[in-house]
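Data first, discussion second: the structure below is written as structure tokens.
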Amino acid sequence: MKTRVLVPSGALGLNYDKVALYNGLKQKPDIIAIDGGSTDSGPSYLGQGISKYSRASTKAEWKGLMEAREVANIPLLIGTAGTCGTDTAVDWFLKITQEIARELNQSLKIVIIRCSQSNKEVINAYSDQKIEPLPNAPELSIDVISRCTNIVALAGVEQVIDALKEKPDIIIAGRTTDTAIIAALPIMRGIDPGTAWHGAKIAECGALCTTNPLSGVIMVEFDFDNFTVEPMHVDAKATPKTVSAHMLYENTNPYILFEPGGYLDTKESTYKAETNKKVRVTGAKWNKSDKYTVKLEGTILTGFQNISITILRNNRYVKKAKEWADDICLQCTKLIRCRLELDDHEFSIELRLIGQNASFGKLEVKKATLFEIGVMTLVTAQTQQLADEISQMLNPFLLHHPLTKSEELPTFSFPFSPADIQRGSIYSFCFHHTLKLNDPLEIFRKEVINIDQSL
Amino acid sequence: MTKVYDIVESVRSKNAGPFWLTIDIFCGKQNAFKVLCKNLTNKMISDIFCINKEQIQRYEIQTLHVIKFSLPRPCVQGSPDDRDMHGATWAELIYEIDISAY
């Protein structure tokens, strides 16, 4: 059965074109699916279990989609709700959905998929050797797992299909692969899985696979062993080149994509222009694996950080900025060891010279004549109190440190008062691993919530 | 001196998850693709990133005139020494490679 999936944009929070969205509705989609996040903005969001995008933007864009869903009378699905897809992010997103439902007077059946995992259960799985590293994975241990602030497992199509079987109006999924939310309905309705996953990968970032990436909205129509992709904006075109090039995007291998339960192989795929803005794709293969695995993501707290910005404009100091910065690190480190009685591994100070090496550090090879340098100072320690102490000890150096003892005390620019800024807790990703499951639904939790406005 | 930016359409660098970096060089014309396939070696890439050249995956995609390199991220995304959360700026180091000497 032909299945049409309308994708409004690469992520909720990036905005979409309303006219293009309603152009899409005219083509009678079977579902609207949108991604809500990824790891791409770094570990802090998963670390804290929060959204990267503003609540007001999320609400405004989601409201537009909830209105479109009601007009079309089809399910609306979001994956990786609230950027990181933890239970806390899902709850935040559910609350927004309930608020909108009240405002629009919509009675709804909502299905939630929860993907957060407890430290204890992940430790058990690790002890039972169900967790395996992917290439270039960090070292894992029971200690690391026990210190995780959040752990999520990435759901695939099986968990989304299980939610779709409830015939919901809305699905709010925790962490899912970007593609699973698009591939689920086609696979449920009998589309060849290779075709479904390939179409999903092409559509995962909305109109990024077209000539007009900012236009957002695209339609993927799945037939049994082929799919078409077409942007819904009048000024956007999908061409064989723009579509096939999307397999490269954020993917190490341009032909292979690993997903829960197997991998997609697009080596034999062909991309043909159907019209001047629509492309038909055939030939992808799905290779089912013997065991069912899902990817894990997790974060540990790595410390507390303060930063400050100092600006050097004096010609002599700009020329000798590295020497100046190195000397500050040396002298201040001595002071910290002595006054705070800390060992070197308990704190770090780093001065990055903006204009000289801030982008690449030791990988930088370029040298240019500068007249101004920004000094970004990073202080990291095990507690916020220590980060504050060290940051305050650094302050007089960053303000007045002279290149030689025999010169008049210089004063550098601080753009702010206080000069330093608390960044608070900082996090690191600690998993690049898979978890083996006996049953795809084993560790994911489904909830059904009915909202009835007539009550 | 010919640099990569003199002959290609664009270079894109992106995270492929927090632990890998992937670089797509869109050569545009067939000739630029041919020149880069021949002159841009894995050794040049490994030297820039100070890694072992065996760690680099290389793909030459004739249909798109793209050369793609995937490599372990020079530092894990978001780790204390990371300087670019989205990994996009590393493309600049590729643009600046001198390919005339080969």
Original post:
Should the heavy atoms of other residues, nucleotides or ligands under 6.0 Å from CD of A:Glu139 be counted, would the total exceed 12?
Top reply: no
**OP:** Using non-hydrogen atoms and a 4.5 Å limit, figure out which bit of A:Ser359 sits close to chain B: side chain, backbone, both or neither.
**Re:** both
**OP:** Report yes if the side chains of A:Glu250 and B:Asn15 come closer than 4.5 Å at any heavy-atom pair, otherwise no.
**Re:** no
**OP:** Output yes when a side-chain donor or acceptor of B:Lys68 lies under 3.5 Å from a complementary backbone atom of A:Leu248, and no otherwise.
**Re:** yes
**OP:** Under 4.5 Å heavy-atom distance to chain A, tell me which part of B:Glu96 shows up: side chain, backbone, both or neither.
**Re:** side chain
Original post:
Can you say whether A:Lys362 sits under 4.5 Å from chain B via the side chain, the backbone, both, or neither, judging by heavy atoms?
Top reply: neither
Original post:
In terms of heavy-atom pairs under 4.5 Å with chain A, which of B:Leu71, B:Ile61, B:Val66, B:Leu21 leads?
Top reply: B:Ile61
Original post:
Quick one: what part of B:Tyr59 sits under 4.5 Å from any heavy atom of chain A, side chain, backbone, both or neither?
Top reply: side chain
Original post:
Is it the case that more than 12 heavy atoms not belonging to A:Lys272 sit under 6.0 Å from its NZ atom?
Top reply: no
Original post:
What residue, out of A:Lys241, A:Arg352, A:Gln305, A:Lys366, has the most heavy-atom pairs lying under 4.5 Å from chain B?
Top reply: A:Arg352
Original post:
Given side chains that start at C-beta, do those of B:Val76 and A:Ser428 come closer than 4.5 Å, heavy atoms only?
Top reply: no
Original post:
Side chain, backbone, both or neither: which part of B:Arg73 has a heavy atom under 4.5 Å from chain A?
Top reply: backbone
Subject >> Sidechain-backbone polar pair: B:Trp20 side chain, A:Pro135 backbone, donor-acceptor under 3.5 Å >> reply: yes
Original post:
Would you call A:Ser244 and B:Thr63 a side-chain contact if the rule is heavy atoms closer than 4.5 Å?
Top reply: no
**OP:** Would you check if B:Pro80 and A:Thr380 make a side-chain contact, meaning some heavy-atom pair closer than 4.5 Å?
**Re:** no
Original post:
For A:Phe360, does its backbone N or O pair with a side-chain atom of B:Arg83 as donor and acceptor, under 3.5 Å?
Top reply: no
**OP:** Heavy-atom distances under 4.5 Å only: say whether A:Asn251 touches chain B with side chain, backbone, both or neither.
**Re:** backbone
Original post:
Side chain, backbone, both or neither: which part of A:Tyr255 has a non-hydrogen atom closer than 4.5 Å to chain B?
Top reply: side chain
Original post:
Any side-chain heavy atom of B:Asp81 sitting closer than 4.5 Å to one from A:Glu350?
Top reply: no
Subject >> chain B contact via A:Thr252 - side chain, backbone, both or neither, heavy atoms under 4.5 Å >> reply: both
Original post:
Once you round to the nearest 0.5 Å, how far does CZ of B:Phe49 lie from CG of A:Leu363?
Top reply: 7.5 Å
**OP:** Report yes if the side chains of A:Ser41 and B:Gln77 come closer than 4.5 Å at any heavy-atom pair, otherwise no.
**Re:** no
